[in-house]
Amino acid sequence: MEATLQPDTVPHASFIERHPVRCFLLFALSHATLWTMLPVLTQPNAPLDTLEMIYWGHEWQPGYYKHPPLPAWLAEFSCQFSTNNVWPTYVLCQLATIGCFWGAFQVGREMRGNTTGLLAVALLEGCHYYNFTTTEFNNNVTSRVWWALTILCLYRGVKRQHLLSWVLAGACLGLGMLSKYDTAILAIVMAVFSFAHPAGRRCWKTPGPAACLVAALVVFAPHVAWLFSNDFPTANYFLQRSGSEHQWSSHFILPLKFAAAQAGAVLPMLLLAVPVIGFRWKFRSMESDEDRFNRDFLIWFACGPFILVEIVGLLLGVRIRSMWGTAMWSYAGVVLLFFLQLNMNRDTFRRTLYRSAVCASLIALAFGGRNSLLPHVRGKASRIHFPGRQLALEVGDLYHQQTGEYPTIVGGPWWVASNVAFYGRQPASVFADLDESISPWVTDRNLSEHGGVIVWTKSSDDSEFEDSITRRFPNAQLTESLELASQTSATLAPVRFGVAIVLPENHVTAMKVDRVKATTLDMASLQKPAMPSDSKRR
């Protein structure tokens with residue numbers, strides 16, 4: 001049976017057919033509102049990755065030691081809308097998610113009709129990559145949307161030979177590479193498809209592939225120049241994170257672990273789709289040339305990246321992290337609804353949407369419950385319960401008491417330092433881990449000259465760290481430790497922080513001059529003979 005619902009078989013289906021974009025936008029707005037408000041209400045402190053993006057973006061660098069720069073730039077830009085508040089990054093997360101939904105909706109409706117496109121998006125509610133993990137703004141969030149939009153533009157470029165679609169595909173691919181290097185997986189699949197598939201080879205007779213390549217290179221070239229001038233720090237970080245286990249078994253175990261993690265993300269979508277696909281699946285026949293092209297395109301671009309990663313894992317035995325599959329599944333719902341025969345009628349359509357809505361509600365409840373109850377269960381706070389804002393205010397006041405200003409440089413372990421920098425009364429640069437190789441925008445000389453604070457979590461064996469601070473920064477003054485409660489209703493031990501105030505050189509010089517003047521005046525007053533009082537004169 002055709003996937004497109006007919007007006008005479010399903011009430012209100014004619015509205016879907018006449019206004020598919022309105023229906024999509026209604027769904028997208030509901031999803032985005034839910035997953036923007038949830039973290040605002042249940043996450044009192046900014047998440048880990050989000051703060052990392054923000055403190056990187058504050059420096060507007062063409063690259064960072066871990067990742068390309070685009071997510072950091074976007075995070076910093078979004079924070080201009082609300083000082084010391086992280087909610088704009090939650091909005092960014094949902095805009096990126098809607099971009100993925102838009103790609104699935106457009107490809108689904110072009111392949112099997114408007115209703116199929118809407119259901120393909122609704123099924124993504126069963127994949128945790130599009131709900132539970134979308135509240136922490138990071139490289140995965142941004143690479144996922146550009147990946148999805150690249151596939152959409154490529155589909156239109158290959159199918160319609162539309163030059164603008166090719167240019168947009170290249171631009172999106174370049175933006176994906178500026179987000180995370182795993183977009184190269186998609187680029188490899190695109191290149192192989194262009195030579196291995198007849199439709200891809202035909203494209204080389206047009207300017208489309210060349211335009212795509214040029215657009216991608218134009219977008220990505222500045223970052224490549226930065227890589228060459230900085231000895232490829234991101235490549236070194238990537239190799240450290242994905243190094244070989246040097247065991248023959250890793251060639252099989254690691255790909256299996258990755259496959260299991262991806263199955264856990266995708267299989268819930270099958271349960272949501274049961275009303276329309278049933279339990280006994282039947283693959284539909286591909287009789288037309290268009291159907292066969294669509295089939296091949298989905299195999300290559302919806303399934304090909306996963307297959308490529310598995311092949312690389314089998315051959316090299318490299319560590320494959322589960323989150324590397326984040327960007328691969330935007331078109332999983334389209335695959336299900338395109339390849340299988342559908343039992344599409346009023347009842348199955350309604351039940352599929354109902355299941356998706358229930359699934360979204362349950363996941364939202366689980367997310368809120370985890371944020372609120374986990375400290376009570378674990379007996380310790382999570383990152384989102386960190387007392388970042390209170391710590392920033394306390395540390396800023398300590399520095400202000402000494403200098404009359406607020407710090408513009410915050411050093412120390414990056415998590416603690418980035419909280420102080422973000423939630424402080426004025427923006428500050430982060431000297432992460434006091435390591436110039438990962439924070440090249442700050443040096444020891446900068447901190448000594450301009451002053452700042454060094455903040456860390458106290459422990460029983462941090463005396464060596466304190467000694468190293470006073471040796472590296474002669475102007476540093478250790479203060480009494482701070483004790484702050486985590487932002488949770490659970491009864492937990494307070495978190496203790498060490499603070500060192502690094503006085504600016506001009507302030508230290510001024511203090512020395514004042515002391516010299518005071519000493520000179522005291523000595524002068526001692527040497528000068530006392531004047532008789534008026535009564536003695538008379």
Side-chain angles (χ1 to χ4, degrees), residues 35-36 38-40 42-97 133-145 175 178-180 223 233-234 237 323 371 382-393 395-396 406-435 438-442 452-457 487:
W35 287 100
T36 298
L38 270 174
V40 168
T42 64
Q43 294 184 168
N45 200 81
L48 182 78
D49 287 353
T50 300
L51 271 184
E52 188 172 44
M53 294 299 105
I54 291 173
Y55 96 74
W56 285 354
H58 182 66
E59 310 304 328
W60 292 101
Q61 299 292 300
Y64 303 92
Y65 81 101
K66 283 186 183 181
H67 293 296
L70 182 59
W73 293 348
L74 293 174
E76 172 65 12
F77 173 75
S78 72
C79 289
Q80 305 308 308
F81 293 95
S82 182
T83 306
N84 305 126
N85 286 296
V86 78
W87 66 260
T89 65
Y90 299 146
V91 176
L92 269 185
C93 287
Q94 299 317 312
L95 290 176
T97 303
T133 63
T134 63
T135 62
E136 191 165 0
F137 188 74
N138 54 29
N139 299 78
N140 293 321
V141 169
T142 51
S143 68
R144 181 167 56 221
V145 63
L175 291 170
L178 278 181
S179 297
K180 195 174 181 182
H223 180 66
T234 52
Y237 175 78
M323 290 303 289
N371 289 349
S382 303
R383 298 278 188 178
I384 58 171
H385 304 108
F386 190 79
R389 190 179 298 275
Q390 184 63 29
L391 175 64
L393 296 177
V395 170
Y406 291 100
T408 57
I409 299 175
V410 182
W414 80 261
W415 165 250
V416 181
S418 62
N419 271 275
V420 174
F422 176 67
Y423 287 113
R425 287 187 170 88
Q426 75 173 44
S429 294
V430 175
F431 192 8
D433 301 331
L434 300 178
D435 186 345
I438 64 176
S439 301
W441 47 84
V442 181
V453 293
I454 300 173
V455 191
W456 66 97
T457 305
Q487 299 184 83

Quick check: do [X] and [Y] have side-chain heavy atoms less than 4.5 Å from each other?
| X | Y | value |
| --- | --- | --- |
| T135 | L38 | no |
| W415 | T457 | no |
| V430 | F422 | no |
| L393 | R425 | yes |
| Y55 | V410 | no |
| P69 | W56 | no |

side-chain hydrogen bond (donor to acceptor under 3.5 Å, both in side chains) assessment of Q94 paired with T134 = CA-CA 7 Å; Q94 299 317 312; T134 63; 3.2 Å; yes

message = Test side-chain hydrogen bond (donor to acceptor under 3.5 Å, both in side chains) on E52 and Y64; report intermediate values, then the result.
response = CA-CA 11 Å; E52 188 172 44; Y64 303 92; over 6 Å; no

query = Just how far is it from atom OG1 of T97 to atom CH2 of W35, taken to the nearest 0.5 Å?
reply =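 Reported to 0.5 Å precision, the distance equals 10.0 Å.
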
inquiry  = With rounding to the nearest 0.5 angstrom, report the CZ to CG distance, F137 to L95.
reply    =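 One gets 9.5 Å once the value is rounded to the nearest 0.5 Å.
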
Heavy-atom closest pair, residues [X] and [Y]:
| X | Y | answer |
| --- | --- | --- |
| V86 | A46 | CG2-CB, 3.8 Å |
| A432 | W414 | CB-CB, 3.6 Å |
| R389 | N85 | NH2-OD1, 3.5 Å |
| E136 | C93 | C-SG, 3.9 Å |
| Y90 | V40 | CD1-CG2, 3.7 Å |
| I54 | C79 | CD1-SG, 3.6 Å |

message = Does W87 form a side-chain hydrogen bond (donor to acceptor under 3.5 Å, both in side chains) with S82? I'd like the steps, not just the answer.
response = CA-CA 8 Å; W87 66 260; S82 182; 3.2 Å; yes

Quick check: does any side chain N or O of [X] sit under 3.5 Å from a backbone N or O of [Y], one acting as donor and the other as acceptor?
| X | Y | result |
| --- | --- | --- |
| N139 | K180 | no |
| T89 | A75 | no |
| H385 | P44 | no |
| H58 | A72 | no |

message = Is a donor from one side chain sitting under 3.5 angstrom from an acceptor on the other, for S429 and E59?
response =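 Yes, a side-chain donor-acceptor pair sits under 3.5 Å.
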
request  = Give the intermediate values and the outcome of side-chain contact (heavy atoms from CB on, under 4.5 Å) for residues N140 and T133.
outcome  = CA-CA 9 Å; N140 293 321; T133 63; over 6 Å; no

